[in-house]
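The analysis underlying the following values was restricted to heavy atoms, covering all of them including side chains, and did not include hydrogens, waters or symmetry mates.
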Amino acid sequence: MEDEARRGVPWALMSYVGGKFISILTTLVLARLLVPADFGLLALASIATNFLYWVADSGLSSAVIVRRD
């Protein structure tokens with residue numbers, strides 16, 4: 001089990017770095033293609049989306065109790 005974990009770490013790291021690289025590359029391409037007003041709107045939407053993802057990923061969603069009617 002320990003050996004499998006050691007082999008998985010580089011793959012997880014490459015996946016994380018690759019995702020961040022693609023995100024930065026996409027942002028740079030869109031910054032070049034869009035007019036400043038549209039890119040500003042994209043930036044605001046990106047901030048809101050990242051915040052909502054952070055809230056959902058923080059475990060808050062599993063702590064919500066739903067009442068059955």
Side-chain angles (χ1 to χ4, degrees):
M1 184 72 138
E2 182 180 324
D3 192 39
E4 291 174 3
R6 281 192 190 137
R7 284 185 293 175
V9 169
W11 288 106
L13 182 63
M14 285 191 308
S15 173
Y16 178 78
V17 171
K20 292 297 179 183
F21 177 73
I22 289 171
S23 177
I24 290 171
L25 184 64
T26 302
T27 302
L28 290 173
V29 168
L30 288 173
R32 182 76 175 133
L33 294 176
L34 296 175
V35 295
D38 290 341
F39 185 73
L41 183 62
L42 176 77
L44 285 174
S46 177
I47 290 169
T49 304
N50 285 332
F51 177 74
L52 291 174
Y53 177 74
W54 174 75
V55 169
D57 198 39
S58 67
L60 184 62
S61 60
S62 63
V64 174
I65 299 172
V66 178
R67 186 182 71 186
R68 293 184 181 177
D69 289 39

- Task: Please check if the side chain of N50 supplies one atom and the backbone of S46 the other of a donor-acceptor pair under 3.5 Å.
- Result: yes
- Can you name the one residue among I24, L30, L28 that meets side-chain contact (heavy atoms from CB on, under 4.5 Å) with T26? L30
- Interatomic spacing from OG1 in T49 to CG in L44 - rounded to 0.5 Å: 10.5 Å
- Message: When you measure from the side chain of S23 to the backbone of G19, do you find a donor-acceptor pair of N or O atoms at a distance under 3.5 Å?
- Response: no
- Query: Are side-chain heavy atoms of T27 and F39 found at a separation under 4.5 Å?
  - Reply: yes
